[in-house]
Amino acid sequence: MTSHAAAFADPLSRVRKSAEVIRRAARQLAVSTEGIERAAQSLSIQTLSRLASPTAFDTELHYCDKGPLTAQYLLVVDALNFCFWPEPQLNYEHLAAGVKVALREDAQSLSADRLAEIDGHGVQTLFGWPSPVPLQAKRAALLREIGTVLRQKYGGHAANLVRQADGSASALVRLMLDSFPGFRDTAVYRGQEVAFYKRAQIYVGDLWGAFQGTGLGRFDDIAQLTMFADYRVPAVLREMEILHYSPALATKVDGQVVLEEGGEEELEIRGCTIAAVEMLRQCLEDKHGKTGQQLPHTVQLDWWLWEIGEEAQQRHRPHHRTLTQFY
Ligand SMILES: Nc1nc2c(c(CN[C@H]3C=C[C@H](O)[C@@H]3O)cn2[C@@H]2O[C@H](COP(=O)(O)O)[C@@H](O)[C@H]2O)c(=O)[nH]1
């Protein structure tokens with residue numbers, strides 16, 4: 001089965017399987033079940049309820065009008081939601097805020113026609129950044145792909161793509177992989193195809209958050225999303241002693257040595273991170289599942305861990321660095 005066809009099986013279970021394959025075979029990292037137990041233990045009933053409450057989506061930072069333009073805005077944001085670290089002062093918030101300003105200044109700025117023609121300078125303007133952003137030409141190509149395909153297949157509107165998924169996270173990820181090659185976040189690990197689909201999954205999570213689980217944000221299988229394999233959460237799990245890096249890997253990461261995209265080190269960090277959060281979710285289920293306690297979905301555990309990483313980034317050891325369009 002080609003990688004692309006394999007995604008049609010069920011992309012979300014494909015990511016979970018990939019993560020488990022990597023976790024079992026990893027040589028540069030280990031996932032600590034004691035660390036996971038400790039983290040689960042540290043989550044009070046109050047915290048679990050807060051995390052599981054209607055989503056903590058940041059409606060101030062993001063454009064969020066509960067209408068189709070929000071779906072367009074989030075697709076543009078998550079098409080560009082990767083690799084900020086080469087520009088030390090640049091981060092995700094600049095992207096989210098920058099595109100919101102562009103939209104406020106020109107309601108047509110994210111139309112399929114405009115996206116289909118955008119160039120590097122147009123991307124810099126979307127970020128509202130004074131100098132070129134990392135991988136700027138690649139970002140422009142990704143937006144042109146979005147604009148072209150939205151125009152061809154979805155009447156120019158991301159909302160039509162989302163509606164076609166009919167309330168299924170898995171179906172929306174499949175549609176995105178089928179429609180936009182730039183979202184096909186896969187690699188080959190020890191001769192085997194592995195999938196992470198981070199930006200496609202985070203688009204579903206952001207829709208769910210922005211629309212509070214209703215309308216264009218209704219996903220009956222939201223619980224099937226895995227965590228989003230970025231570069232911030234692995235660093236948090238390492239500080240929580242859930243991920244143990246080999247001395248060789250620790251030296252490279254702490255020395256801010258760039259890890260090759262698709263290399264074993266990078267893939268083991270991404271795969272073990274996904275596996276660890278799945279195990280944390282299962283540990284919480286085992287501990288509280290029978291009490292009727294409402295438990296956070298993986299996407300909410302992801303946001304919890306990501307917010308910890310954002311807040312603590314000056315105190316934590318460096319995150320790993322890979323030049324990539326995928327996270
Ligand atoms: N796992 C995970 N990774 C996430 C996010 C988000 C944005 N989430 C917001 C959206 C809705 C809610 O309001 C969330 O707050 C960005 N990233 C990734 O982090 C990295 C950026 O780091 P820094 O350079 O420090 O900004 C980069 O790989 C980016 O792709 C997330 O939620 N989960």
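If you read the sequence from its start, that first residue is 1, and numbering goes on from there.
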Verify the distance criterion only: is there a donor paired with an acceptor across the side chains of [X] and [Y] at less than 3.5 Å?
{"X": "Glu261", "Y": "Thr322", "result": "no"}
{"X": "Gln224", "Y": "Ser170", "result": "no"}
{"X": "Gln124", "Y": "Ser131", "result": "no"}
{"X": "Thr214", "Y": "Gln212", "result": "no"}
{"X": "Tyr245", "Y": "Thr251", "result": "no"}
{"X": "Tyr92", "Y": "Glu310", "result": "no"}
{"X": "Asn160", "Y": "Gln164", "result": "no"}

Side chain to side chain donor-acceptor pair (under 3.5 Å): which pairs involve residues 76-88, sequence neighbours left out? Asp78-Asn81, Glu87-Trp129

Applying the side chain to side chain contact (heavy atoms under 4.5 Å, CB included) test to Cys64, which of Leu69, Thr59, Asp58 qualifies? Thr59

My understanding is that only one of Arg270, Lys198, Arg199 makes a salt bridge (charged side-chain N to carboxylate O under 4.0 Å, His left out) with Asp185; could you say which?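 Exactly one candidate clears the test, Arg270.
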
Pick from Arg315, Arg232, Arg317: which one makes a salt bridge (charged side-chain N to carboxylate O under 4.0 Å, His left out) with Glu239?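 Among the candidates, only Arg317 passes.
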
Tyr327 and His320 aromatic ring geometry - parallel, tilted or perpendicular at 30°/60° bounds: tilted

Could you give all pairs that pass the salt bridge (charged side-chain N to carboxylate O under 4.0 Å, His left out) test and reach residues 101-112, with sequence neighbours left out? Asp106-Arg114

For the side chain of Tyr203 and the backbone of Ala71, is there at least one donor-acceptor N/O pair under 3.5 Å apart? yes

Assess whether atom NZ of Lys287 is packed by more than 12 heavy atoms of other residues, nucleotides or ligands within 6.0 Å.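 Enclosed.
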
Would Val21 end up clustered with Phe196 when hydrophobic side chains under 4.5 Å apart are linked, directly or stepwise? no

Aromatic ring proximity, centroids under 6.0 angstrom, His319 and Tyr231: yes

Which residues pass the ring-ring contact (aromatic ring centres under 6.0 Å, His included) test with Phe183, not counting sequence neighbours?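 Phe180.
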
